[in-house]
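Proteins get letters first, then strands, A, B, ... in listed order; numbering begins at 1 in each.
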Number of protein chains: 2
Amino acid sequence: MSLPHAILTALVEKPSSGLELTRRFDKSIGYFWSATHQQIYRELGKLEAEGLIRALPGRQPARGQKKSYEVLPAGRAELARWTAAPHDLKPLRDTMLLRLRAAAVVGTAGLEADLRRHLELHERQLAEYEEIEERDFPPGRDSTEDRLRHLVLRAGIDLETFWTRWLRHALAEFAELPDDEPA
Amino acid sequence: MSLPHAILTALVEKPSSGLELTRRFDKSIGYFWSATHQQIYRELGKLEAEGLIRALPGRQPARGQKKSYEVLPAGRAELARWTAAPHDLKPLRDTMLLRLRAAAVVGTAGLEADLRRHLELHERQLAEYEEIEERDFPPGRDSTEDRLRHLVLRAGIDLETFWTRWLRHALAEFAELPDDEPA
DNA sequence: CCCGGTTGTGCAACTAGTTGCAAAAACGGG
DNA sequence: CCCGTTTTTGCAACTAGTTGCACAACCGGG
């Protein structure tokens, strides 16, 4: 149940309309919490009904008309509560690892190509993160906000680094495997 | 849509009843694809209806009576197909990173304790994986199956290593932060 | 031999996220 | 100033996963 809090965070950072939120989720926030515009609209409705956010003055609400929201004190309080509350870590659930285990019993034919493709995608993502780091976090900045945001980006970079390394390792192993056990 | 394939993999490895599957998901398979017993029973029903698995002879089906399943050729073929087919990588979605970003706007109060708790949990998990590695993958084994399974375990170990490192880094940063901006 | 706990199977209802589409407003060229 | 396109909002239906509970069979002690 994190989407409402993702939205609250985004709105505290800057009041926005549904579409603006969608765009921000596509860029920065989506790097660690993705959401579609329908999810966002639905959630905005709920949050407004619960009194955590409110529509900014503007025109009366109607379809096709921009409607911006801002966070109310109750929303900010809820966000602070949620941030500090202990959360269970959700168990890992990764398709590629599952496929590798499946390959152990039905054969590895065809898997290697997708391993290679994933490696490329992760390399691209890693490069993108590193670019952001260079651009937005030059050495020497140290406001609390900057440090925290940098920490988050760091996690992204390290995660992608892990995947690229692991995929390379997997591909190296594949190269050494006997030519394949037929399924 | 990976649960059916997780179950097929498990059943190819060894035909089992719903409960046995549940237990195996709790131990080894659940390390990278968790599932509850209800999910498993429902899926077993679907897979049987689709003709990918079948109930082993045994007694006639009834509540409270063990019913084991085995994979049919069609099931094995579907598993091989799925394993080799290209898959999109699903976007990262991590609550802790979101909370850190939220903390950047509502304050870090309380977060540190949970960071510490998570570090402990990940350390425990890492230790467990390393124990398994020592026990099940002594150097020198090199059947294809062993190598692939080891690769999967390796991913688990490296992931947990990443998290413990990152969390330690985050805690170190926290220690340097000004005493807290009130929300 | 029966009665209470344990094992094993399963339904129903719910929450979260995804996909496909529609419809009102605003925008811009002829 | 009107008509087609784009922008922005939103509903409805679907898929995947979770939670809570029910119920049959089986097992062991009094």
Rounded interatomic separation in angstrom, taking [atom1] from [X] and [atom2] from [N]:
X: A/R93; N: D/dG17; atom1: CZ; atom2: C1'; value: 6 Å
X: B/L21; N: C/dT7; atom1: CG; atom2: C1'; value: 16 Å
X: B/E20; N: C/dG8; atom1: CD; atom2: P; value: 8 Å
X: A/E48; N: D/dT9; atom1: CD; atom2: P; value: 12 Å
X: A/H5; N: C/dT15; atom1: NE2; atom2: C1'; value: 15 Å
X: A/E43; N: C/dT15; atom1: CD; atom2: P; value: 12 Å
X: A/L19; N: D/dT6; atom1: CG; atom2: P; value: 15 Å
X: B/K90; N: C/dA16; atom1: NZ; atom2: P; value: 18 Å

Legend entry - Selection from D/dT18, D/dG10, C/dT7 that lies nearest to any side-chain heavy atom of B/T36: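 Between D/dT18, D/dG10, C/dT7, the one nearest the side chain of B/T36 would be D/dT18.
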
Inset, instruction - Tell me which nucleotide among C/dG17, D/dG10, C/dT9 gets nearest to the side chain of B/Y41. - result: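 Comparing C/dG17, D/dG10, C/dT9 against the side chain of B/Y41, the answer is C/dT9.
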
Polar pair under 3.5 Å, donor/acceptor by atom type, side chain [X], base [N]:
X: B/Q38; N: D/dG17; result: no
X: B/Q39; N: D/dG17; result: no
X: A/R23; N: D/dT8; result: no

Legend entry - Validation row: B/L89, A/W163 side chains within 4.5 angstrom (heavy atoms):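 B/L89 does not reach A/W163 side chain to side chain.
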
What I want to find out is whether [X] reaches [Y] closely enough, with some N-O distance under 4.0 Å, to be called a salt bridge.
X: B/R99; Y: B/D114; result: yes
X: A/E20; Y: A/R24; result: no
X: A/E145; Y: B/R101; result: no

Inset, instruction - Mark yes or no for whether B/R124, through its side chain, and B/L119, through its backbone, hold a donor-acceptor pair below 3.5 Å. - result: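 Here the side-chain-to-backbone pair does not exist.
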
Legend entry - Pairwise 5' ranking along DNA chain C for B/Y69 and B/P91, keeping only the more 5' one: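 Residue closer to the 5' terminus by nearest nucleotide: B/Y69.
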
Legend entry - Which residue lies more 5' along DNA chain C, comparing A/H37 with A/M1 via nearest heavy atoms: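 Comparing both residues, the 5'-ward one is A/M1.
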
Legend entry - A/R42 side chain near C/dT19 phosphate (N/O to OP1/OP2, under 4.0 Å):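 Indeed not, no polar side-chain atom of A/R42 lies that close.
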
Inset, instruction - Using only side-chain N and O atoms of A/K67, determine if any of them is under 4.0 Å from OP1 or OP2 of D/dG10. - result: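 Yes, such a contact exists.
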
Inset, instruction - Pick base, sugar-phosphate or nothing for B/T22, based on heavy-atom distances below 4.0 Å to the nucleic acid. - result: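 No contact.
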
